[in-house]
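Working notes for the structure below.
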4 protein chains.
Amino acid sequence: MQTTRGLDRLIFFTDAIAAIAITLLILPLAELVPVTPTNVLPGDFLLDHLSELLAFLLSFAVIARLWISHHALFEHVSTYSPALRNLSLLWAFTIVVLPLPTAMVAHWSTDSIVVGFYIGTMFVSSLLLTSMTILTHRSAALQEPANPLPSRAIIASTLSTTEFLLAFILGTVFQEINYWALFALFLSAPVFLILRRHDRQILMRMVPR
Amino acid sequence: MQTTRGLDRLIFFTDAIAAIAITLLILPLAELVPVTPTNVLPGDFLLDHLSELLAFLLSFAVIARLWISHHALFEHVSTYSPALRNLSLLWAFTIVVLPLPTAMVAHWSTDSIVVGFYIGTMFVSSLLLTSMTILTHRSAALQEPANPLPSRAIIASTLSTTEFLLAFILGTVFQEINYWALFALFLSAPVFLILRRHDRQILMRMVPR
Amino acid sequence: MQTTRGLDRLIFFTDAIAAIAITLLILPLAELVPVTPTNVLPGDFLLDHLSELLAFLLSFAVIARLWISHHALFEHVSTYSPALRNLSLLWAFTIVVLPLPTAMVAHWSTDSIVVGFYIGTMFVSSLLLTSMTILTHRSAALQEPANPLPSRAIIASTLSTTEFLLAFILGTVFQEINYWALFALFLSAPVFLILRRHDRQILMRMVPR
Amino acid sequence: MQTTRGLDRLIFFTDAIAAIAITLLILPLAELVPVTPTNVLPGDFLLDHLSELLAFLLSFAVIARLWISHHALFEHVSTYSPALRNLSLLWAFTIVVLPLPTAMVAHWSTDSIVVGFYIGTMFVSSLLLTSMTILTHRSAALQEPANPLPSRAIIASTLSTTEFLLAFILGTVFQEINYWALFALFLSAPVFLILRRHDRQILMRMVPR
């Protein structure tokens with residue numbers, strides 16, 4: 001029997017892991033400070049570690065975005081199954097891993113293996129969210145009866161995962177683009193938003209609720 | 001549809017981030033210990049790292065103060081909107097960043113760029129709290145019907161943000177003041193408290209509930 | 001008097017500790033990056049630290065598995081006793097310790113003391129879960145009346161603890177096996193699952209609910 | 001107006017801080033591993049860092065004990081006041097500080113300043129718990145009506161704080177005792193338990209509920 005506390009714990013455990021991973025991102029930067037000679041100007045310190053700053057900003061934004069998706073999905077979830085629990089723990093795993101490629105991308109920024117590891121981890125994370133969305137949508141038992149998961153949630157999640165896949169391909173194939181592919185992704189978000197709104201209206205008519 | 005669990009998760013995620021960031025502040029100090037030669041007297045060790053100790057104390061007090069404000073605001077919040085969620089995540093971002101300028105201010109204490117980065121982060125954090133306060137006040141839907149957000153909360157939050165702005169200006173313009181501007185701020189708190197009480201009474205008559 | 005909040009806090013405290021310990025596992029790897037010369041190829045970096053990667057993967061999987069067991073047990077718990085609280089805190093202790101043998105196993109992989117410390121910590125952690133399971137099963141007061149702990153939970157937990165004991169013996173006696181004993185354990189999980197299902201049916205008839 | 005969510009957040013924030021601080025205690029030990037030459041035997045590594053291991057064990061046990069006291073007190077609390085909130089945050093501050101004297105006591109074990117800092121922090125932490133106990137006991141509004149705080153809770157908390165004061169005096173005055181004073185404290189716990197039970201019966205008759 002699955003209790004409400006059981007679901008709360010699962011969500012809480014996942015959230016705590018995401019909160020820790022997102023907070024740890026600043027540590028590598030903070031730890032560089034005491035080993036920097038004091039005669040280096042602090043402005044130069046920040047400029048010298050611009051790639052670390054960018055990687056921190058990017059990873060924070062991506063984890064926040066992935067967390068928002070997880071949060072939005074579980075608004076419709078009323079209980080859990082072993083499969084949903086395992087997928088949620090695997091999702092947490094991708095978030096725990098992220099500080100490693102974040103550190104690597106700051107260190108070897110344009111290398112395609114590193115960029116692939118970095119964006120690839122995000123892609124797998126997003127793919128797991130899409131899997132959980134489909135799993136939930138297929139099972140009436142998992143959903144909050146008063147607040148069922150709409151079909152458009154699958155479309156939105158699939159689009160999001162496709163965006164990460166696109167960024168993965170762009171970032172690994174074109175070395176000059178590297179992890180800037182993610183910035184492009186975030187910048188294009190408003191464009192996607194408009195496109196998606198339009199797509200949705202079309203898709204809404206096609207897809208049964 | 002926004003559920004109570006959804007709001008709880010948002011608050012929890014923010015709180016977990018703040019709890020981690022406030023606890024990580026001691027790490028740079030704790031990590032200095034094993035690399036200190038054992039023939040250095042521990043009393044001298046503490047004196048040698050007085051600026052790190054002060055920065056730790058200050059950042060702890062500031063994060064605690066900002067958290068208290070976040071906590072006080074959300075006592076009146078009964079649900080969330082995407083805007084409130086995004087502002088709360090941005091607020092969490094300012095808290096995650098803080099260990100970096102904390103380490104920098106301990107390392108290059110009187111430099112105005114560093115002081116500006118340090119107090120500036122706090123100012124933005126406070127500004128985001130004021131934005132959330134205004135956003136909540138403007139929307140009846142976001143508020144707990146039995147416990148609406150009083151107008152004076154906006155005044156209190158704005159005053160607090162103004163104090164950080166003042167500390168920012170004082171600390172960056174006058175290099176001798178630097179981050180002591182924050183101490184002045186905390187010492188003046190009781191004075192402000194009395195002033196504010198008086199101001200409130202006047203303002204209360206002017207501002208409609 | 002034990003309140004629901006008291007139980008929630010106990011569970012939450014344990015979960016938060018497990019979430020932090022599981023997230024910290026990536027730190028030793030992430031911290032190796034900035035001290036690696038940039039002319040080392042990132043692919044070589046990952047290969048050079050394969051033992052750290054494997055230890056990270058293993059420890060993540062084991063903590064996740066132990067947490068799932070803790071989670072499953074407390075689905076049936078409705079209140080706590082001082083004994084259950086202390087056992088749960090001791091369990092949290094074994095999880096907090098784990099990053100140390102994880103780092104050691106990555107550093108001195110085939111040493112039997114290290115392998116013993118590593119798998120031994122896991123064995124004690126599992127043993128504490130079995131103790132909590134027996135303690136809960138023996139006390140009707142601790143259990144959720146609508147959702148009592150079935151006898152098979154003791155059998156499942158004991159089997160799990162026996163598996164860790166087996167891995168401990170295999171890993172410490174045969175130096176060539178070392179921590180691969182755990183991989184064998186995870187790989188054999190599906191086999192055990194089938195065996196257990198069969199065992200359960202036999203045991204179910206023997207053991208009174 | 002104080003809500004239940006407000007109290008839950010306060011407790012949660014405090015718990016999260018305690019959970020992080022207790023988990024971080026292993027980091028200094030785990031971080032020693034990668035910088036140890038691999039030709040050092042792992043058994044020798046553990047023996048060489050026996051003082052760090054002992055300090056880790058002690059600090060874990062003390063934080064767990066202080067958390068149990070905080071947990072026991074808040075079983076009787078139904079709401080919060082600004083004073084209780086501030087005391088709880090100050091308590092969290094003592095827990096956040098603890099990793100620093102823990103690292104120092106492992107590094108300069110017999111120095112009386114360090115021992116004083118270490119046990120002194122614990123004493124202040126315990127003193128704050130006693131203050132919160134008295135504050136709660138004095139205010140009927142703060143207590144759960146169905147589960148009021150008994151007078152004996154003040155006696156128990158005061159005894160506990162006195163034990164830390166005793167350990168502080170013993171540990172700082174007699175350099176040969178140093179932080180072993182805490183071990184004595186924990187070993188004497190069962191004796192105290194019996195004494196206390198007897199004391200309680202006498203005190204129970206004297207102190208009005």
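By convention in this document, chain letters (A, B, ...) are assigned in the order of the sequence lines, proteins followed by strands, and residues within each chain are numbered from 1. Since the model is a prediction, treat every value here as computed from it, not as a measurement.
Of the residues considered (C/A30, C/G43, C/A19, C/P42), C/P42 shows the highest number of contacts with chain A, using heavy-atom pairs under 4.5 Å. Of the listed residues (C/D15, C/I26, C/I20), the greatest number of heavy-atom pairs within a distance under 4.5 Å of chain A belongs to C/D15. Per-residue counts of heavy-atom pairs under 4.5 Å with chain A were compared for C/I22, C/L27, C/T36; the largest is that of C/T36. When each of A/V97, A/T102, A/V114 is scored by its heavy-atom pairs under 4.5 Å with chain C, the top score falls to A/V97. Taking chain A as the reference chain and counting heavy-atom pairs below 4.5 Å, the highest number among C/L25, C/L7, C/L57 is found for C/L7. Comparing A/L10, A/I113, A/I95 by heavy-atom pairs within less than 4.5 Å of chain C, the highest count is held by A/L10. Among the candidates A/R9, A/E31, A/R5, the residue making the largest number of heavy-atom pairs closer than 4.5 Å to chain C is A/R9.
Heavy atoms closer than 4.5 Å to chain A are found nowhere in C/P28, neither backbone nor side chain. Heavy-atom distances place the side chain of A/L24, and not its backbone, under 4.5 Å from chain C. Heavy-atom distances place both the backbone and the side chain of A/P99 under 4.5 Å from chain C. With a 4.5 Å cut-off on non-hydrogen atoms, C/A72 does not touch chain A at all. At a 4.5 Å heavy-atom cutoff, C/H49 makes no contact with chain A through either its backbone or its side chain. Within the 4.5 angstrom heavy-atom criterion, no atom of C/I17 approaches chain A. Interface residue C/F12: backbone and side-chain heavy atoms are both found under 4.5 Å from chain A. A/N86 touches chain C through its side chain: at least one heavy atom from C-beta onward sits under 4.5 Å away, while N, CA, C and O do not.
Side chain of C/S126 to backbone of C/M122: no donor-acceptor contact under 3.5 angstrom is found. A/N178 places no side-chain N or O within 3.5 Å of a backbone atom of A/V115 that could act as its donor or acceptor partner. A/E52 contributes no side-chain N or O that, together with a main-chain N or O of A/L29, makes up a donor-acceptor pair within less than 3.5 Å. A/Q143 places no side-chain N or O within 3.5 Å of a backbone atom of A/P148 that could act as its donor or acceptor partner.
The distance between the ring centers of A/Y80 and C/H71 falls below 6.0 angstrom.
Using a 4.0 Å cut-off between charged nitrogen and carboxylate oxygen, A/E163 and A/R65 count as a salt-bridge pair.
Taken to the nearest 0.5 Å, the CG atom of C/L32 stands 10.5 Å off from the NE2 atom of A/H107. Going from atom OG of C/S160 over to atom CD1 of C/I155 covers 13.5 Å, rounded to the nearest 0.5 Å.
Here the closest heavy-atom approach between residue C/I119 and residue C/A167 is recorded as CD1-O, 3.6 Å. Closest non-hydrogen pair, A/L170 versus A/A181, comes out as CB-CB, 4.2 Å.
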